[in-house]
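Heads up, the thing below is written out as structure tokens.
Every heavy atom of this structure was used, including side-chain atoms; hydrogens, water molecules and symmetry mates were not.
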Amino acid sequence: MIADARALALRDALTQEHREYWNNRGVSNDILDILNIGYTEKGTWKWFTIPIIDFDGEFLFFKLKKAPGGAEKQPKAMTFPKGNKATLYPLPYLHGGIHSIFLCEGEPDVLALLSQGIEAVSSTHGVRTFPEEFLMHFPANIDVTCCFDSDDAGREGVKRVEELFKEKRSDITFSVFEIPEECPGKDITDYILWKYGPQS
């Protein structure tokens, strides 16, 4: 639940068309509701609103993702308000009871994995932002599977994160999920849609 009044003021309910968009990207309605995914507009810019919360579930800021119908020159993503420090999303999923978790490239990938019942987190500021301080949030002795996009940026990100885990968190078993060559896409959402199809 979003506790911050600013978050409630910005967030509007998703329409059925919006839900179908997310369903077609492998995200279930249950996950949309649990994580309070919303919608807002500013002029010709149309955004899905993803509340970023701390470990206790308190609102920090929004990650905005371009929604269908947005202006051609609208950015694909941004934070609101600007200037917020990167964190992991969603932090409450890094709790003491987990045995394994997927580390993916962005919030939509997280939502698709959670919809399959797979614990997942990502950095709010992209594949190039994974500071050492993130490591303290991962419980001891778990398995972390990295599934960044199969492009140059993703492969470079995997190398950096793998070195960081191996150097600073030797208690964690780190592995990399490779998108199969026959999958018609380059990220974990593409793989989920190829393997399981959209949510109904």
List the steps, then state whether side-chain contact (heavy atoms from CB on, under 4.5 Å) holds for L111 with Y89.
-> CA-CA 10 Å; L111 299 177; Y89 171 82; 3.7 Å; yes
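- Dense packing is recorded around CD of E41, with more than 12 heavy atoms of other residues, nucleotides or ligands lying under 6.0 Å away.
- Contact annotation: the side chain of L114 approaches that of L35 to within less than 4.5 Å [non-hydrogen atoms, C-beta and beyond].
- The shortest distance between side-chain heavy atoms of L94 and P139 falls below 4.5 Å.
- R155 places a side-chain heavy atom less than 4.5 Å from the side chain of S150.
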Side-chain donor/acceptor pairs under 3.5 Å, residues 61-78, sequence neighbours excluded:
residue: K63; atom: NZ; partner: E107; partner atom: OE1; Å: 3.2
residue: K63; atom: NZ; partner: E107; partner atom: OE2; Å: 3.1
residue: K63; atom: NZ; partner: T124; partner atom: O; Å: 2.6
residue: K65; atom: NZ; partner: E107; partner atom: OE1; Å: 3.3
residue: K66; atom: NZ; partner: A71; partner atom: O; Å: 3.0
residue: Q74; atom: OE1; partner: K46; partner atom: N; Å: 3.0
residue: Q74; atom: OE1; partner: A71; partner atom: N; Å: 3.4
residue: Q74; atom: NE2; partner: K46; partner atom: O; Å: 2.7

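- Separation of the H137 and F55 ring centroids does not fall under the 6.0 Å cut-off.
- Between H95 and E119 the shortest side-chain heavy-atom distance falls below 4.5 Å.
- In this structure, CG on L14 lies 8.0 Å from CG on D33, to the nearest 0.5 angstrom.
- To the nearest 0.5 Å, atoms CD (E20) and CD (E17) are separated by 7.5 Å.
- Residues P90 and A120 approach most closely at CD-O, 3.6 Å, considering heavy atoms.
- Taking hydrophobic clusters as Ile, Leu, Val, Met, Phe, Trp and Tyr residues chained together by side-chain heavy-atom distances below 4.5 Å, V110 does not share a cluster with L193.
- Other residues, nucleotides and ligands place no more than 12 heavy atoms under 6.0 Å from the CD atom of E181.
- The heavy-atom pair separating G106 from S122 by the smallest distance is C-OG, 3.4 Å.
- Closest non-hydrogen pair, S115 versus I31, comes out as OG-CG1, 3.5 Å.
- To the nearest 0.5 Å, atom CD1 of residue I37 and atom CZ of residue R19 are 10.5 Å apart.
- When hydrophobic side chains of Ile, Leu, Val, Met, Phe, Trp and Tyr are connected at separations under 4.5 Å, I179 ends up clustered with F102, L113, I118, F177, I188, Y191, I192, W194, Y196.
- Scanning all heavy atoms of the two residues, the minimum distance from I142 to I98 falls at CG2-O, 3.5 Å.
- Of the inter-residue distances, the one linking K168 atom NZ with F138 atom CZ reads 16.0 Å to the nearest 0.5 angstrom.
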Take D149 and D190 through the side-chain contact (heavy atoms from CB on, under 4.5 Å) test and state the conclusion after the steps.
-> CA-CA 10 Å; D149 295 357; D190 294 326; over 6 Å; no
Criterion ring pair (Phe, Tyr, Trp, His ring centres under 6.0 Å) on F48 and W22, from CA distance to verdict = CA-CA 10 Å; F48 289 120; W22 283 109; 5.2 Å; yes
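- Taking both residues in full, the closest heavy atoms of T49 and Y39 are given as OG1-N, 3.4 Å, listed atom of the first, atom of the second, then distance.
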Could you list the donor-acceptor pairs under 3.5 angstrom formed between side-chain atoms of residues 127-135 and any protein atom two or more places apart in sequence or on another chain?
residue: T129; atom: OG1; partner: H125; partner atom: O; Å: 3.3
residue: E133; atom: OE2; partner: K85; partner atom: NZ; Å: 3.2

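- The minimum heavy-atom distance between C146 and F174, with the atom names listed, is CB-CZ, 3.5 Å.
- Between the side chain of D56 and the backbone N or O of E58 there is no donor-acceptor pair closer than 3.5 Å.
- Between the T145 side chain and the S175 main chain, no donor and acceptor come within less than 3.5 Å of each other.
- The distance from atom NZ of K159 to atom CD of E156, rounded to the nearest 0.5 Å, is 7.5 Å.
- A distance-only check finds no donor-acceptor pair linking the side chain of T173 to the backbone of D143 [under 3.5 Å].
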